[in-house]
Amino acid sequence: MIETMTIEEMMNYTGRQDPPIDMDKFWQNEKNKVSTLANYHLEKKAFNLDFVDCYELTFTGTNDSQIYSKCLFPKAVDKVPTLFYFHGYQGQSPDWTENLKYVCAGYGVVCMDVRGQAGRSQDLGLFDGMTVKGQVIRGAIQGKETLFYKDVYLDIYQLVEIVASLDFVDETNLMSCGGSQGGALALICAALNEKIKKTVAIYPFLSDFKRVLELGNHSEPYDELFRYFKFSDPFHNTEEFFLSNLSYIDVKNFASKIKCPVLMITGLEDDVCPPSTQFAIYNRIQTEKEIKILPEYGHEAMNVKVNDLIYDYLIGSTIIDVFE
């Protein structure tokens, strides 16, 4: 365990850096650039399932990259409430069958592949395949307009707009969920788009970068922060500029923009996304919120009771019989 704060200290901790002064203006300008509905293609897939329609959704994101998502929608439901599920760092959308429990309850599920990771979305330059190393810090020296995660966040904004526009989707009942990187993206989804009405974030990533450096967190997702200084700036001459640019993608700096209820889940033994960096997000959320603390858990798979809690929080006990 690398965390040095007590739980009492974390309960009041809001992070090492405040949001940039022009944070709101910057992100409003970025959203304005993608305000027109993106060109997209929704292709139905033949899986021979009587109760669910399966689709592949692709659309043109920033830098002309093609962004890919898997979509499942129950056949027996008109105006489908929909969950946006986001995968973890280096991963890809889950197997088609993994989210059928939500479909069986009458909910659609949309799972986007993050560009440049293990799925089918393209990275900068229309590159197919993995470009993971360097993604967190990409653009930190060149400038906030070139940050990798800036484009990922805009992908999410465009994805919600596209799905909300589908005539069989209930745009008044959209939710987001994910763990680690997915937890960060679920929160960003809600912060950038007020169409999201409920969010679950499990041990969210991409928060409080200065605190990460302070703790010496060399876990794989954050190691590139340390490699940058070790090999490119050993005297930390660019640290203030570097962290200032990363502030534009720091999830804690989006927290106050979230308007919907939020459930966060944090393991106190987490040595990948330190608990204090997660509390820096939670303590800045100004809407209805709840955090569940797991003293014995680190950055790992959650057992059944946690999964049941998430399911119940998102959709409650309203079950629609799609097999009728």
Side-chain angles (χ1 to χ4, degrees), residues 1-21 23-24 27 88-89 136-137 140 149 153 176 178-192 199-219 221-223 225-226 229 236 239-240 242-300 302 306 309 313:
M1 180 177 178
I2 63 173
E3 185 56 70
T4 61
M5 288 188 187
T6 66
I7 186 67
E8 291 77 17
E9 290 172 322
M10 287 189 283
M11 287 292 187
N12 297 297
Y13 178 69
T14 58
R16 290 292 189 247
Q17 293 175 290
D18 288 327
I21 295 174
M23 178 88 173
D24 290 345
W27 275 102
Y89 186 67
V136 173
I137 67 169
Y149 275 101
Y153 294 177
S176 59
S180 194
Q181 175 185 256
L185 300 185
L187 292 165
I188 292 297
C189 187
L192 291 182
T199 295
V200 174
I202 308 159
Y203 40 64
F205 180 43
L206 298 171
S207 175
D208 205 5
F209 297 108
K210 188 173 180 65
R211 173 68 173 161
V212 170
L213 285 171
E214 175 185 298
L215 287 170
N217 179 358
H218 288 269
S219 64
Y222 281 126
D223 189 49
L225 294 172
F226 299 89
F229 288 108
H236 286 240
E239 181 175 331
E240 183 176 354
F242 180 88
L243 291 175
S244 174
N245 281 327
L246 286 182
S247 290
Y248 290 90
I249 59 165
D250 191 326
V251 176
K252 69 176 173 55
N253 293 340
F254 290 83
S256 64
K257 313 303 179 200
I258 299 172
K259 306 302 182 186
C260 67
V262 176
L263 171 65
M264 279 184 54
I265 299 173
T266 296
L268 294 184
E269 294 292 327
D270 197 326
D271 58 0
V272 176
C273 297
S276 59
T277 69
Q278 299 179 48
F279 273 92
I281 300 171
Y282 183 76
N283 291 329
R284 288 174 179 260
I285 296 173
Q286 298 174 8
T287 188
E288 178 185 336
K289 63 182 180 179
E290 181 179 6
I291 188 167
K292 293 291 188 181
I293 298 171
L294 305 175
E296 292 80 28
Y297 272 85
H299 206 80
E300 58 189 294
M302 299 297 178
V306 178
L309 170 70
Y313 180 84

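FYI, the numbering just counts along the sequence from 1.
P19 has its side chain out of reach of F254: every pair of non-hydrogen atoms, C-beta onward, lies at least 4.5 Å apart. Residues I202 and S180 fail the side-chain proximity criterion, which asks for heavy atoms closer than 4.5 Å. Between K292 and L263 there is a side-chain heavy-atom pair separated by less than 4.5 Å. Side-chain contact check for T277 versus K252: every heavy-atom pair is 4.5 Å or farther apart. Considering only heavy atoms from C-beta on, M11 stays 4.5 Å or farther from N283 through its side chain. Contact annotation: the side chain of Y282 never approaches that of T14 to less than 4.5 Å [non-hydrogen atoms, C-beta and beyond]. With contacts defined as side-chain heavy-atom distances shorter than 4.5 Å, the pair L268/L294 does not qualify. A 4.5 Å side-chain heavy-atom check between N245 and S247 finds every atom pair outside the cut-off.
Between P204 and G183 the shortest heavy-atom distance is CB-C, 3.9 Å. Taking every heavy atom of both residues into account, G267 and P275 meet most closely at O-CG, 3.6 Å. The shortest non-hydrogen separation linking S207 to V212 is O-CG2, 3.9 Å.
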- Message: Set out, in order, the CA-CA distance, both residues' side-chain angles and the distance that settles ring pair (Phe, Tyr, Trp, His ring centres under 6.0 Å) for F229 and F242, then state yes or no.
- Response: CA-CA 10 Å; F229 288 108; F242 180 88; 5.1 Å; yes
- After noting the C-alpha distance and the side-chain angles of K257 and L192, does the key distance pass the side chain to side chain contact (heavy atoms under 4.5 Å, CB included) rule? CA-CA 8 Å; K257 313 303 179 200; L192 291 182; over 6 Å; no
- Task: Start with the C-alpha distance between I137 and L225, add both sets of side-chain angles, then the distance that settles side chain to side chain contact (heavy atoms under 4.5 Å, CB included), and finish with yes or no.
- Result: CA-CA 7 Å; I137 67 169; L225 294 172; 3.6 Å; yes
- Message: Determine whether V262 and V200 satisfy the following criterion, side chain to side chain contact (heavy atoms under 4.5 Å, CB included), listing intermediate values before the conclusion.
- Response: CA-CA 6 Å; V262 176; V200 174; over 6 Å; no
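Between Y248 and N253, the side chains place no donor N or O within less than 3.5 Å of an acceptor N or O (distance only, hydrogens not considered). Under the 3.5 Å distance criterion, with hydrogens and angles disregarded, a donor-acceptor pair is assigned to the side chains of T4 and R211. No hydrogens or angles considered: a donor-acceptor pair under 3.5 Å links the side chains of S276 and E3. Between the side chains of T266 and Q278, at least one donor-acceptor pair of N or O atoms lies under 3.5 Å.
Between H299 and the options Y203, Y89, Y222, a ring pair (Phe, Tyr, Trp, His ring centres under 6.0 Å) holds for only Y203.
The CG atom of L185 lies 7.0 Å from the CG atom of L206; values are rounded to the nearest 0.5 Å. Put simply, CG on L187 and CZ on R284 are 13.5 Å apart, with the number rounded to the nearest 0.5 Å. Within the model, atoms NZ of K259 and OG1 of T287 stand 8.0 Å from one another, a figure rounded to the nearest 0.5 Å. Going from atom CG of L215 over to atom CD1 of I2 covers 5.0 Å, rounded to the nearest 0.5 Å. Once rounded to the nearest 0.5 Å, the distance linking CD1 of I285 with CD1 of I291 reads 8.5 Å. In this structure, the separation between SG on C273 and CZ on F205 is 6.0 Å, given to the nearest 0.5 Å.
Judged purely by atom type and a 3.5 angstrom limit, E9 uses its side chain to pair as donor or acceptor with the backbone of T6. Between the E269 side chain and the G298 main chain, no donor and acceptor come within less than 3.5 Å of each other.
E240 CD: 12 or fewer foreign heavy atoms inside a 6.0 Å radius. Within 6.0 Å of atom CD in E214, more than 12 heavy atoms from other residues, nucleotides or ligands are found, so the atom counts as buried in its surroundings. Within a 6.0 Å radius of NZ in K289, other residues, nucleotides and ligands contribute more than 12 heavy atoms.
Using cut-offs of 30° and 60° on the angle between ring planes, the pair Y153 and Y149 is tilted.
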